[in-house]
Each structure stands twice: as C-alpha cells, then as structure tokens.
Amino acid sequence: MDKPTNVCVLVGSLRKSSFSGMLANALMSVAPSSMKPEVVEIGQLPFYNQDLERLIDPPPAPWTAFRQRVKAADAVLFVTPEYNRSVPAVLKNALDVGSRPYGRSVWDCKPAAIVSGSPSAIGAFGANHHLRQSLVFLNVPTMQQPEAYVGHADKLFDEHGKLINDGTRKFLQDFMQAFANWAATFRSHSHR
Ligand code: FNR
C-alpha cells in the first residue's frame, strides 16, 4: 500500500472553543484512510521579523520547527475563520514565517485546500479568498472545487465540539475525498 498522504492542518483561531478548531477535527475525522492529517500549532510562532532571520545564528526555534514540519508534509489544509473580512493575523504570520528566508519557502508547490467558517451566513468567504491571494504568490496549488464556506458554524456542533449536522458531515467528507485526489495528483509528480 502507498504511504499515507501526510497533511498539515493549520487552524486560524487560537481560542479554546473555536468553531474552526471543531471544523478541523470534523474534517480530520472524515478524511479518507489514504490521508494522515495532523494539526500543526501556529500560535507559538513569534511575529515574523526579518531582523531575526540570520543565516549564521539560528532563527527562533519555533520558526525552524514549523518550517521543517510543513516542508515534510505532502499537503496543507487551512481551516480558518474571518477577521474583518480577511485572514486572522496568526495564520498570516504562519504563512509569512514559512515563506522565508527568500528562496527557501516551505510552501512552494505544496498542494492545499481551504475551509473557511463563520457563525455568519457567508461562511468567511472574504478570509477564504484573501488567503488564496497569498497562496497564488507562494505557488501553492490550491484546490478550487469544491469550495468550502461553512456558514452558521455556531449551530453545527454540540457542547463537546462534535459535529451534529449530517448534511455538513457529508459535505466535509466529499471535500476531503476531493482534497485527497487533488493532493495525490501532485504527489505523483513530486520530485521529493
Ligand atoms: C470576527 N468575526 C467575523 N465574522 C465574520 O464572518 N466576518 C468577519 O469579518 C469577522 N470579523 C471578526 C473580527 C474579529 C477580530 C473577531 C474576534 C471576530 C466573528 C467570528 O466569525 C467569530 O468570532 C468566530 O467564532 C471566530 O472563529 P473561531 O474562533 O470560532 O474559530
């Protein structure tokens, strides 16, 4: 059997009872067996500052660990809320940290997918598409269809964070299958 697709799951919210975190758990639970998804923490990453990027002295250890973790992954799944119609700073910071030093971005050619979620009806569409803008520049082949804007996220989970909406579960399952197919396409062309 082929090695499972190792997927980094990056969640754009740090709060404990985050709907994005619940969504990420739900997505991982319905992933096909060909995938091995794992949440990679981003809240511990110091704000990106080029002054800390010395090529002789080591950069901040959390940056190095994060870069190595993403580099080793076959694919990345972004699960994010929307802050002021854009990407939460913590997630943008993770993108920036992974993108440097110049010429050594860990994002390059890494297949990805985005699920955005919000208690509002439009499902964090703005964050989803702002994120896509950065991913175009970072040369991340991001799955285009199906799109995933999860609205009314506050109504989808019980008090333990368990998904209680069957329609959403089916949608997330189909999404993860499509993502597995998407990532597999790039894996078969990978030079690694
Ligand atoms: C929000 N929220 C929000 N919601 C939305 O649909 N569009 C938006 O632009 C914003 N803007 C925004 C800014 C800031 C600073 C906060 C704290 C919140 C509400 C947001 O969707 C809600 O708090 C979610 O519960 C946040 O996601 P998590 O933490 O549950 O994953």
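We count ligands from 1, going down the list as the structure has it; atoms in each ligand are counted the same way.
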Report the member of I122, N84, D154 with the shortest heavy-atom distance to atom 13 (C) of ligand 1. N84
Any N or O on Y83 sitting closer than 3.5 Å to an N or O of ligand 1? no
Ligand 1 versus S13: contacting region, heavy-atom distance under 4.0 Å: side chain
Minimum distance, heavy atoms only, to atom 21 (O) of ligand 1: which one of A89, P119, P81 is it? P119
Please classify the S120 to ligand 1 contact at 4.0 Å (heavy-atom distances, strictly less than): side chain, backbone, both or neither. side chain
For atom 30 (O) of ligand 1, is the nearest protein heavy atom under 4.0 Å away? yes
Taking atom types as modelled, find out whether D74 and N6 have a side-chain donor-acceptor pair closer than 3.5 angstrom. no
Which atom pair, heavy atoms only, marks the closest approach of G43 to L14? CA-CD2, 3.5 Å
Within the structure, does F19 bring an N/O atom to less than 3.5 angstrom of an N/O atom in ligand 1? yes
Verify the distance criterion only: is there a donor paired with an acceptor across the side chains of R169 and N165 at less than 3.5 Å? no
Sub-4.0 Å protein heavy atom next to atom 19 (C) of ligand 1: no
Around atom 3 (C) of ligand 1, find the nearest protein heavy atom and jot down its residue, atom name and distance. E82 O, 3.2 Å
Can you find an N/O atom of S17 closer than 3.5 Å to an N/O atom of ligand 1? no
Distance-only donor-acceptor pairs under 3.5 Å for side chains of residues 140-150, two or more places apart:
residue: T142; atom: OG1; partner: V140; partner atom: O; Å: 3.0
residue: Q145; atom: NE2; partner: E147; partner atom: OE1; Å: 3.1
residue: E147; atom: OE2; partner: Y149; partner atom: OH; Å: 2.6
residue: Y149; atom: OH; partner: H129; partner atom: NE2; Å: 2.6

Measuring from S20:OG to L10:CG, what's the distance to the nearest 0.5 Å? 12.5 Å
Element-labelled atoms of ligand 1 that are located less than 4.0 Å from some non-hydrogen atom of S118: 4 (N), 5 (C), 6 (O), 21 (O)
Between R15, M22, R85, K16, flag the one that comes closest to atom 9 (O) of ligand 1 by a heavy atom. R85
Intermediate values then yes/no, side chain to side chain contact (heavy atoms under 4.5 Å, CB included), L163 and L172: CA-CA 11 Å; L163 185 63; L172 298 182; 4.1 Å; yes
Interatomic distance, K92 atom NZ to Y48 atom OH [nearest 0.5 angstrom]: 11.5 Å
Anything under 3.5 Å between a donor and an acceptor, one on a side chain of residues 76-84, the other on a protein residue two or more places apart or in another chain? List them.
residue: E82; atom: OE1; partner: G126; partner atom: N; Å: 2.7
residue: E82; atom: OE1; partner: A127; partner atom: N; Å: 2.9
residue: E82; atom: OE2; partner: R85; partner atom: NH1; Å: 2.6

